[in-house]
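For clarity, every value in this text was computed on a predicted model and none was experimentally measured. Protein chains get the first letters and strands the later ones, always in sequence-line order, with residue 1 at the start of each. All values below were derived from every heavy atom in this structure, side-chain atoms included, with hydrogens, water molecules and symmetry-related copies excluded.
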Number of protein chains: 2
Amino acid sequence: MKDRYLDFVNSPFGTSIARSLGLPRPETLRRQRADQAEFGGMAAIGAGPSPALFDDLMGTLSAIGMTSIAHESASGWLPVAARHGAMSGRFEPRTHDAAAHDRVQALIFDATGIDDAGQLHSLYAFFHDALRSLGKNGRIVVLGRPPATRASVAASTAQYALDGMTRSLGKEARNGITANLLRVTEGADIDSALRFFLSPRSAYVSGQSVSIDYPAVAPESWATPLAGKRALVTGAARGIGASIASVLAAHGAIVTGLDVAAARDALDQTMLSIEDSAPSGGAHAALVADIGAPEAPVEIAAALLASGGIDIVVHNAGITRDKTIARMSGEMWDSVIDINLLAQARIDEVLLAENVLRAGGRIVAVSSISGIAGNRGQTNYATSKSGVIGRVHAMAPALRERGITINAVAPGFIETHMTARMPFGVREAGRRLNSLGQGGLPVDVAETVAWLASPGSAGITGNVVRVCGQSLIGA
Amino acid sequence: MKDRYLDFVNSPFGTSIARSLGLPRPETLRRQRADQAEFGGMAAIGAGPSPALFDDLMGTLSAIGMTSIAHESASGWLPVAARHGAMSGRFEPRTHDAAAHDRVQALIFDATGIDDAGQLHSLYAFFHDALRSLGKNGRIVVLGRPPATRASVAASTAQYALDGMTRSLGKEARNGITANLLRVTEGADIDSALRFFLSPRSAYVSGQSVSIDYPAVAPESWATPLAGKRALVTGAARGIGASIASVLAAHGAIVTGLDVAAARDALDQTMLSIEDSAPSGGAHAALVADIGAPEAPVEIAAALLASGGIDIVVHNAGITRDKTIARMSGEMWDSVIDINLLAQARIDEVLLAENVLRAGGRIVAVSSISGIAGNRGQTNYATSKSGVIGRVHAMAPALRERGITINAVAPGFIETHMTARMPFGVREAGRRLNSLGQGGLPVDVAETVAWLASPGSAGITGNVVRVCGQSLIGA
């Protein structure tokens, strides 16, 4: 569970050893801490022709207290800043790496107006000039349009190409820098996604393309965006599930943590520790149920209705029963499909039919990189996690009518008790084969879930967001 | 260009060394050879409930001379075989690896009727029983439906999950075995795709999901399906382009190979060697043009119109100008975007406006795994190749009205002069980081292009088919 290599090469002694031997030195990622400001520093702004999101972007930057400077590609930025009463200046390219105190914390490029591949040159110009000025744990965010919404083939092509650019930037940047693409439909709200991708909360999310299609309403407080919301988290006793429960509570939600009877002690302990630390106080609950049991959905619904229903369902409970298929028993296949996939469907069916999950609700399902790429020795697990993605795609349109969003998170290599038991070679490969050169933490998955569960994310549905440090592994 | 490790571990001496040291031993892939029958041996058939494609499948197997045996999951297969006047028998599961003479050459599963994830158990049962009976260079083909065409969320979910299953099988199988998923819309023709994925021609294509959406007409001869067709191949002088020109000609097409003036000698030599060996005889032509020049499209169109127009366009010409973005010049960016992406658009525009590309035509564009996953030091290349994919998606619907298909192939690590110049470590990683444990050959890309260009592939459009041995690398 402890990444000793990462700690070593970031220690004063290890740093010099790693330097002299030319060893890779993954950055210690900056994560959200209660005693540190979430945002700060400066964003450099670039743009293609006719950028559509300057006003929205300026609004978010002002609200989170980031200052800005405009690259020459973003000549329209300074008037917008003036209109918002914000200070801004011009970005000066450097020929060498910027000194630490001159570094910016984010590079944001508005590519929404690009309607021909020739105009992609503006992205080149911006990142060519600005990448070396981006500091450790910096953020790259590219704003584009969903290709299918473009009127011309040329525009659709160019917008699609932003994906290859953003992913390449993620692979080129070092020092804990992430790079992500937001594909924003006209009229959709970017505030929630921008805050997430500029925040330390998205430390292990890189190389992703997220579609934002609809308007949203800002939460009353961005510090506790889930205040007044009730959430169900399955598999909450330990690991990623416990972290999700804890983070949702820290964001203000009242959480019901569910797990099986065998995990009752761990579950009680998890929920107690949340009681002690979360702002919403004493209403969290532990619920013991076996989601594989046919009567579970009705029992769960009854328990949740007793407190008036819920707003957020996180399908996190899952099991592995790994074997190559020739050695796998039928029971190993069936139990994994049932717990990881069919149980989600059975629970949602009851929660939706009885309106236990209220209008405007959120469903977040935990998939896996194995569900995207397949995995040796995990035909059952990969099939179930692939099905989770299929279910998200299939349900999103119908749920839209009720204002409910459904999205999946797909963890890559996350440091848990499970990965701690892997053979050394497998674990090391999993840790290093990604752009950030290290495994993620449960909190990285949890923060991503919390973002998708936020009122501000009403416009984000049908997405699969990998939490994998831009793993090399994919489909 | 020579994979010495692959040759060594498959030599009599090397095999025993590799065995005693426990070294990985990638299989020497069986590729199509004029002196060997393309098809043969036996296919084991499995199925979920209500399989819809037994008749089509039986038709193809009979036509290509493969025999069949039915797994217990495919109880309806024997009556269908009887109706077709074909012999068939029952598949008997083995508890250990089958002896070589008992092995089957293909495992084919009809999953089209699966409308709930619980029914995925039938896939488990079939592959659990049958995977050990599949011989070297064997083929796994799963037949499903496009998830978006299913009426229920449960059916859509289960159909989507086939992807995780097929990819996992591809990663689990060894010995040169490939695994692919065909997503077949009702009424679409599977003959062309089945033949390709059962053939040695698809030796390096694995882990792919291909959508087949429309009916097609069988070519007069499956030996020379492109007889009477005229094709343009850009970048035809060397490497993958030369192989594409050669394979299209071997399939019966009359090929115009295009390349720049600097490559004129190589181009002439390539086209001459095609003259000598291809069945269509002496009509192949070399065309010298710089597709980066503004006048090129009109000149190309004029040259092609002189011989009455064309049926197939293969956009293969491409360049690399690799540098990290901070060190990349504007000219390096622009030239790669222009040649790899914009030139394709300029040429198609003229060919389509003037009907130089005839109704029922085919466009096949060469993308790259870098366009899917991004790549360090290749922001320009990855962006251009990502745009190629975007263009395929954007153009497919409108071209459908003219009976023209457009698809992309995305090569992974292919053994060429370019990869031969890579540093040893990079080359070895590229070669081994895929399910087949080796690089592909230019002919693997060429055969995939020829399949997509075939009259039988009229139902396949808007797809991106990776030719990568199921590379670990993806998005």
Q. For the residue pair A/Phe91 and A/His71, does the interplanar ring angle fall in the parallel (under 30°), tilted (30 to 60°) or perpendicular (over 60°) class?
A. tilted
Q. Can you tell me if B/Thr320 uses its side chain to pair, donor with acceptor, with the backbone of B/Tyr381 under 3.5 Å?
A. no
Q: Considering only heavy atoms and a distance below 4.5 Å, find which of A/Ser384, A/Ala398, A/Ala326, A/Gly170 pairs most often with chain B.
A: A/Ala326
**Q.** Option in B/Ile389, B/Val388, B/Thr383 with maximal non-hydrogen atom pairs under 4.5 Å from chain A
**A.** B/Thr383
Q | N/O donor-acceptor pair under 3.5 Å between B/Asp129 side chain and B/Pro93 backbone | A | no
Q.
Parallel, tilted or perpendicular: which one describes the rings of A/Phe127 and A/Phe109, with boundaries at 30° and 60°?
A. tilted
Q: Identify which part of B/Asp116 has an atom lying under 4.5 Å from any heavy atom of chain A, answering side chain, backbone, both or neither.
A: side chain
Q. Chain A: which of B/Arg466, B/Lys171, B/Glu172, B/Arg167 shares the most heavy-atom pairs with it under 4.5 Å?
A. B/Glu172
**Q.** Option that, when pairs with chain A are counted at under 4.5 Å, heavy atom only, ranks first among B/Pro147, B/Gly371, B/Gly330
**A.** B/Gly330
**Q.** Contact leader toward chain B among A/Val153, A/Thr166, A/Thr157, where contacts are heavy-atom pairs under 4.5 Å
**A.** A/Thr157
Q. Relative to chain A, which segment of B/Gln470 carries a heavy atom at a distance below 4.5 Å: side chain, backbone, both, or neither?
A. side chain
Q: Flag the pair B/Arg346 and B/Asp338 as a salt bridge only when some basic side-chain nitrogen lies within less than 4.0 angstrom of an acidic carboxylate oxygen.
A: yes
Q.
Within the 3.5 Å criterion, strictly below it, is a donor on A/Gln378 or A/Asp322 matched to an acceptor on the partner's side chain?
A. yes
Q.
So which residue, A/Ile337, A/Leu131, A/Ile372, A/Asn375, ends up with the most heavy-atom pairs under 4.5 Å with chain B?
A. A/Asn375
Q) Using non-hydrogen atoms only, which part of A/Ile473 is less than 4.5 Å away from chain B: side chain, backbone, both, or neither? A) both
Q | Under 3.5 Å donor-acceptor, B/Asn180 side chain and B/Gln208 backbone | A | yes
(Q) Within this structure, what is the CD1-CD1 distance for the pair B/Ile363 and B/Ile406, rounded to the nearest 0.5 Å? (A) 4.5 Å
Q) Which atoms of A/Ile369 come close to chain B, meaning under 4.5 Å heavy atom to heavy atom: side chain ones, backbone ones, both, or neither? A) neither
Q. With a 4.5 angstrom heavy-atom cut-off, which part of B/Leu433 approaches chain A: side chain, backbone, both or neither?
A. side chain
(Q) Is A/Arg150 close to chain B through its backbone or its side chain, or both, or neither, when contacts mean heavy atoms under 4.5 Å? (A) neither
**Q.** Steps toward side chain to side chain donor-acceptor pair (under 3.5 Å) verdict (B/Ser209, B/Asp163)
**A.** CA-CA 7 Å; B/Ser209 294; B/Asp163 189 65; 2.4 Å; yes
Q. Of the backbone (N, CA, C, O) and the side chain (C-beta and beyond), which part of A/Leu341 lies under 4.5 Å from a heavy atom of chain B, both, or neither?
A. side chain
**Q.** Contact winner vs chain A - B/Leu162, B/Ile325, B/Leu123, heavy-atom pairs under 4.5 Å
**A.** B/Ile325
**Q.** A/Ala345, part contacting chain B, at a heavy-atom distance under 4.5 Å
**A.** neither
**Q.** Region of A/Leu120 that comes under 4.5 Å of a non-hydrogen atom in chain B
**A.** both
Q) For B/Gly377, does its backbone N or O pair with a side-chain atom of B/Thr324 as donor and acceptor, under 3.5 Å? A) no
Q | Choice from B/Gly118, B/Ser168, B/Ser329 maximising heavy atom contacts with chain A below 4.5 Å | A | B/Ser168
Q: Verify the distance criterion only: is there a donor paired with an acceptor across the side chains of A/Gln344 and A/Asp348 at less than 3.5 Å?
A: no
**Q.** Contact leader toward chain B among A/Ala382, A/Ala373, A/Ala148, where contacts are heavy-atom pairs under 4.5 Å
**A.** A/Ala373
Q. Among A/Ala475, A/Ser156, A/Gly390, which residue forms the greatest number of heavy-atom pairs with chain B at distances under 4.5 Å?
A. A/Ala475
Q) Under a 4.5 Å heavy-atom cutoff, which of A/Met328, A/Arg327, A/Met395, A/Lys385 has the most pairs with chain B? A) A/Met328
Q.
Between B/Ala158 and chain A, with a heavy-atom cut-off of 4.5 Å, which part of the residue counts as in contact: side chain, backbone, both or neither?
A. neither
(Q) For B/Asn340 and B/His315, which I'm curious about, is there any donor-acceptor pair between the side chains at under 3.5 Å? (A) no
Q. About how many Å separate OG of B/Ser73 and NE2 of B/His121, when rounded to the nearest 0.5 Å?
A. 10.0 Å
